[in-house]
Amino acid sequence: MSKKDFSQQTKPVKEPKLTVPQIIDYCKNELGITFNIMDEQKAEEFLHKNNYFFRIKQYAEICTDKTKSGKYNGLDFGHLVELSTIDMFLRKHLLKMTIDLEHYLKVNLVNDCQTNPDDDGYAVVKAFFEKFPHIQKNVASGNNFSTYSGMDIEQCLAYPAVWNIVELLGFYDFTYFYSFYYEYFHLKSEFQSHINSIRRIRNAAAHNSCMLCNFKPGKFPFDPEISFELASAKLGIAPGTITANLKIPLINDFAVMLSVYTRLITSPKVKEKTFEEIKEFFDTRMVYHKEYFESYTNIKNAYHFARALLDYYSQ
């Protein structure tokens, strides 16, 4: 293939604006999507009232079977709708769990500050703001957190301390502070290496991202500690299968979240109730229309692996 041919194939294409009826025609004629599970009239209503096509088309990536012309084989519009619905409920469960983790990470950090004889609570925050002045500006700007907390930002910034600044940092900025704290004092934290996974899955859930659209293992930098943990767990799953699953970003971050959740959350009742709720979701709504995906090996494998993780970490 010549450079010219390659550049022509990879050049971005400006997509035309389509009305909903035109989108239905595009699905049928250009993409090969069928309308057997959900007919065209209901699909139009769905796109008018519940979702938009650019978003729902992302779930089409689950279909790895395509014709030479690029059309999907065996993909129905109802499959996309069902995945989008499952995804919505999954995000609610994941957001709840990651909000719990955010709170307990702050508890963990403040407790370490209080028991650290080398930490007066102030010097580390001063050093942090000197390294990340834009974060100090974010706090000083009077963001949404102060609206509901009733905290005096001027007072906090006059004497910024670990125990008050964690209340004014958004989760993204807090993850920087969390890592900075332990590096500043040359301390080891069992959770520091997992922060990025927690942040990714939390942000995906909070920002309403499509999560169930990629089940292909790739060159993803999976968490080696979690891989070793699961390989030693006697799950009855081959190490190669564990590694392959952890190369899927969502599965890796889900496993990391569960592992940290079991170790970090100190309330037995919170843990018990949370695992009870998400396992019920996996066993009921998630598989309500499992017959839709019988031919999708990637989805079935990811589901069974994730379900095994829930059983292991909820013990």
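For the pair Lys106 and Phe174, the cation-pi test (distance below 6.0 Å, angle within 45°) is passed.
A salt bridge is defined here as a Lys NZ or Arg NE, NH1 or NH2 lying under 4.0 Å from an Asp or Glu carboxylate O, and Glu44 with Lys49 fails to meet this definition.
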### Task
Step by step, work out the salt bridge (charged side-chain N to carboxylate O under 4.0 Å, His left out) result for Lys300 and Glu294.
CA-CA 7 Å; Lys300 292 196 295 183; Glu294 282 299 319; 3.7 Å; yes
### Message
Applying side chain to side chain donor-acceptor pair (under 3.5 Å) to Thr262 and Lys271, what does each step give before you reach the verdict?
### Response
CA-CA 7 Å; Thr262 58; Lys271 280 194 286 191; over 6 Å; no
### Query
Tyr59 and His79: ring pair (Phe, Tyr, Trp, His ring centres under 6.0 Å), yes or no, with the steps?
CA-CA 9 Å; Tyr59 298 107; His79 296 156; over 10 Å; no
### Task
Take Arg307 and Asp283 through the salt bridge (charged side-chain N to carboxylate O under 4.0 Å, His left out) test and state the conclusion after the steps.
CA-CA 9 Å; Arg307 189 64 185 79; Asp283 294 339; 2.8 Å; yes
#### Entry: Criterion side chain to side chain donor-acceptor pair (under 3.5 Å) on Asp119 and Tyr184, from CA distance to verdict
CA-CA 10 Å; Asp119 182 14; Tyr184 183 83; over 6 Å; no
#### Entry: Full working for salt bridge (charged side-chain N to carboxylate O under 4.0 Å, His left out) between Glu277 and Lys92
CA-CA 11 Å; Glu277 290 174 350; Lys92 293 179 186 294; over 6 Å; no
### Query
Can Asp112 and Tyr181 be said to form a side chain to side chain donor-acceptor pair (under 3.5 Å), step by step?
CA-CA 10 Å; Asp112 284 347; Tyr181 183 91; over 6 Å; no
### Worked check of side chain to side chain contact (heavy atoms under 4.5 Å, CB included) between Leu212 and Leu250
CA-CA 8 Å; Leu212 300 179; Leu250 174 61; 3.8 Å; yes
### Query
Checking side chain to side chain donor-acceptor pair (under 3.5 Å) for the pair Gln136/His134: CA distance, chi angles, key distance, verdict?
CA-CA 5 Å; Gln136 184 177 21; His134 68 282; over 6 Å; no
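Residue Asn111 holds its CG atom at 5.5 Å from CD of Gln114, rounded to the nearest 0.5 Å. Rounding to the nearest 0.5 Å places CG of Leu310 at 12.5 Å from CD of Glu280. Rounding to the nearest 0.5 Å places OG1 of Thr34 at 10.5 Å from CD of Glu40. In this structure, the separation between CD1 on Ile242 and CD1 on Ile251 is 12.5 Å, given to the nearest 0.5 Å.
Lys96 NZ: more than 12 foreign heavy atoms inside a 6.0 Å radius. Applying the 6.0 Å contact sphere to CZ of Phe228 captures no more than 12 heavy atoms from other residues, nucleotides or ligands. Summarising the local packing, CD of Glu291 is surrounded by more than 12 heavy atoms from other residues, nucleotides or ligands at distances under 6.0 Å.
Side chains of Tyr292 and Ile299 form no contact here, defined as non-hydrogen atoms less than 4.5 Å apart. Side-chain contact between Ser259 and His194 is absent, with no heavy atoms from C-beta onward closer than 4.5 Å. Residues Ile33 and Tyr26 fail the side-chain proximity criterion, which asks for heavy atoms closer than 4.5 Å.
Ring planes of Phe180 and Phe132: perpendicular class, angle over 60° (limits at 30 and 60°). A parallel orientation is assigned to the rings of Tyr303 and Phe282, their planes being inclined by less than 30° (bins at 30° and 60°).
A side-chain donor from one of Tyr178 and Ser189 sits under 3.5 Å from a side-chain acceptor of the other.
Of the listed residues (Arg200, Lys247, Arg202), just one forms a salt bridge (charged side-chain N to carboxylate O under 4.0 Å, His left out) with Asp253, and that residue is Arg200.
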